[in-house]
A.B. asks: 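Quick one: this structure, given as structure tokens, is what I'll be asking you about.
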There are 2 protein chains.
Amino acid sequence: MARASTTSDAFNAVAEPRRREILSYLASGERPVGDIVASLKFDQPSVSKHLRVLRSVGLVRVRCEGRHKFYRTNAEAIRPLHEWAGTFERFWQHQLLSVKKRAEEQMSKLIPASDSTDTKEKP
Amino acid sequence: MARASTTSDAFNAVAEPRRREILSYLASGERPVGDIVASLKFDQPSVSKHLRVLRSVGLVRVRCEGRHKFYRTNAEAIRPLHEWAGTFERFWQHQLLSVKKRAEEQMSKLIPASDSTDTKEKP
DNA sequence: TTGACATATTCCTATATGAGTATGTATTGT
DNA sequence: ACAATACATACTCATATAGGAATATGTCAA
């Protein structure tokens, strides 16, 4: 089996760095395609194709006005990603604590008289 | 050009659903490969290959002990993903507010006498 | 209508999968 | 030494890109 389609979900869609750039660019407000091309310096067909992928998974929305199409990021669609990653937050916090604790233990070995915290000594 | 390698960064690595499952499974503590195979019901070679991808981008760590290899999720490596998605948080909050406001405006149209907030009327 | 402008689509190609199967490599127990 | 156990790697195959070039579609303006 090949890799899952880029249009299969937000995870696959944002795996492409240029699509992430486009999302960031469009986050603060809608812009016509030409602005993306001019600002990010990608080929126009490339931008169109990336937008198609992003649109297919709901990461961007379009508003047509004459010959312009205004795209904007649909931040809501990024939330599942944020939440999935967030389920690991307590683990990396735990890891940081462990690292801190080990560092402090090393400290106490090197400077046995000192406490492992940076609390001022009581005079 | 083809799609970027799955081993090019965490974004590409977690695009694969099975790899996300493995990461979640290994988040709470280290497990031997056999446990992953037994619990998630993937083929053993498939698990090994996914672990290889995850390891190459630092999403998992290994500890070898005899003929067992204990893998664990390195949550720290998921943080950049969480933070990237987090940069959109204020936008989706803004979107939710807009939706709420529009809904309330609709409400006031339907029930002109009522205020757009749920504040009790002063008697 | 005709031309200019803004976007989208098509065609091509090199490359990278992921699943399945078979096989290789350590390491342990007897 | 030998068999069993635990993982990793190699091979094949169907499929999905992403970029580049060329072209198509749609809309406005004179």
Side-chain angles (χ1 to χ4, degrees), chain A residues 1-23 25-26 29-73, chain B residues 1-23 25-26 29-73:
Chain A
M1 199 188 288
R3 221 200 293 200
S5 163
T6 56
T7 59
S8 54
D9 57 37
F11 284 95
N12 279 282
V14 305
E16 171 64 25
R18 289 166 191 279
R19 281 195 285 268
R20 290 201 298 279
E21 287 190 62
I22 292 175
L23 286 176
Y25 181 72
L26 295 176
E30 62 178 20
R31 300 282 177 203
V33 179
D35 278 19
I36 308 175
V37 172
S39 298
L40 303 185
K41 311 256 180 69
F42 305 158
D43 288 347
Q44 177 266 313
S46 177
V47 170
S48 269
K49 280 185 283 191
H50 284 313
L51 286 172
R52 189 162 162 67
V53 171
L54 292 172
R55 192 153 47 91
S56 80
V57 297
L59 279 164
V60 299
R61 303 261 189 240
V62 210
R63 183 174 64 86
C64 298
E65 189 179 315
R67 54 184 161 181
H68 293 268
K69 296 202 177 180
F70 294 91
Y71 282 85
R72 64 186 181 289
T73 296
Chain B
M1 198 188 287
R3 220 197 298 198
S5 163
T6 56
T7 59
S8 53
D9 57 36
F11 284 95
N12 279 283
V14 305
E16 172 64 26
R18 289 166 193 277
R19 283 196 282 269
R20 290 200 298 279
E21 287 190 62
I22 292 176
L23 286 176
Y25 182 72
L26 295 175
E30 63 177 22
R31 301 280 178 202
V33 179
D35 277 19
I36 309 174
V37 172
S39 298
L40 303 185
K41 311 258 181 68
F42 306 158
D43 288 347
Q44 177 267 313
S46 177
V47 170
S48 271
K49 281 184 284 189
H50 283 313
L51 286 172
R52 188 162 163 66
V53 171
L54 291 172
R55 191 153 47 91
S56 79
V57 296
L59 279 164
V60 299
R61 303 260 189 243
V62 210
R63 183 174 64 84
C64 298
E65 190 178 313
R67 57 184 159 180
H68 292 268
K69 298 202 176 181
F70 294 90
Y71 282 86
R72 65 186 180 290
T73 295

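Predicted model, so just to flag it, every value in this text is computed and none were measured. All chains are named by letter (A, B, ...) in the order of the sequence lines, taking the proteins before the strands, and each is independently numbered beginning at 1. What you see below is based on every heavy atom in this structure, not just the backbone, and it leaves out hydrogens, waters and symmetry mates.
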A.B. asks: For the backbone of B:L23 and the side chain of B:T73, can you confirm whether one donor and one acceptor N or O come within less than 3.5 Å of each other?
C.D. replies: yes
A.B. asks: Quick one: side chain to side chain contact (heavy atoms under 4.5 Å, CB included) partners of B:V47, sequence neighbours excluded?
C.D. replies: B:V33, B:I36, B:V37, B:F42, B:L51
A.B. asks: State, to 0.1 Å, how close B:R3 and A:A4 come at their nearest heavy-atom pair, and which atoms those are.
C.D. replies: NH2-O, 2.6 Å
A.B. asks: Hey, what do you get for OG1 (A:T7) to CG (A:L59), rounding to the nearest 0.5 Å?
C.D. replies: 11.5 Å
A.B. asks: How would you give the extent of chain A contacts on DNA chain C, as first and last nucleotide 5' to 3' within a 4.0 Å heavy-atom cut-off?
C.D. replies: C:dA4 to C:dA19
A.B. asks: Given A:R31 and A:F70, is the side-chain contact (heavy atoms from CB on, under 4.5 Å) satisfied, shown in steps?
C.D. replies: CA-CA 5 Å; A:R31 300 282 177 203; A:F70 294 91; 5.8 Å; no
A.B. asks: Only counting residues at least two apart or in another chain, list the ones meeting side chain to side chain contact (heavy atoms under 4.5 Å, CB included) with B:K69.
C.D. replies: B:V62, B:C64, B:Y71
A.B. asks: Rounded to the nearest 0.5 Å, what separates atom NZ in B:K49 from atom CG in B:L54?
C.D. replies: 14.0 Å
A.B. asks: Rounded to the nearest 0.5 Å, what separation is found between the NE2 atom of B:H68 and the CZ atom of B:R63?
C.D. replies: 11.0 Å
A.B. asks: Just list the side-chain donor-acceptor pairs under 3.5 Å for residues 11-20 of chain B, sequence neighbours left out, or say none.
C.D. replies:
unit_1, atom_1, unit_2, atom_2, d
B:N12, ND2, A:A15, O, 3.2
B:N12, ND2, B:S8, OG, 3.2
B:N12, ND2, B:D9, OD1, 3.0
B:R19, NE, B:A13, O, 2.6
B:R19, NH1, B:H50, ND1, 3.1
B:R20, NH1, B:V14, O, 2.6
B:R20, NH1, B:A15, O, 3.3

A.B. asks: For B:R52, what residues pass the side chain to side chain contact (heavy atoms under 4.5 Å, CB included) criterion, not counting sequence neighbours?
C.D. replies: B:R55
A.B. asks: Which angle, to the nearest 10 degrees, lies between the helix axes at the two ends of the helix from C:dT1-D:dA30 to C:dT30-D:dA1, each defined by five pairs?
C.D. replies: 10°
A.B. asks: Residues in side-chain hydrogen bond (donor to acceptor under 3.5 Å, both in side chains) with A:E21, at least two apart?
C.D. replies: none
A.B. asks: With sequence neighbours excluded, what pairs up with A:S39 under the side chain to side chain contact (heavy atoms under 4.5 Å, CB included) test?
C.D. replies: A:Y25
A.B. asks: For DNA chain D, which residues of residues 7-15 of chain A approach it to below 4.0 angstrom with any heavy atom?
C.D. replies: none
A.B. asks: Regarding A:R19, tell me which of base, sugar-phosphate or nothing describes its non-hydrogen contacts under 4.0 Å with the strands shown.
C.D. replies: sugar-phosphate
A.B. asks: If you take any heavy atom closer than 4.0 Å to DNA chain D, which residues from residues 62-73 of chain A end up in contact?
C.D. replies: A:G66, A:R67
A.B. asks: Check nucleotides 13-16 of chain D against the protein and report each pair of N or O atoms closer than 3.5 Å, with its distance, or say if there are none.
C.D. replies:
none

A.B. asks: Looking at residues 38-49 of chain B, who's got a heavy atom less than 4.0 Å off DNA chain D?
C.D. replies: B:Q44, B:P45, B:S48, B:K49
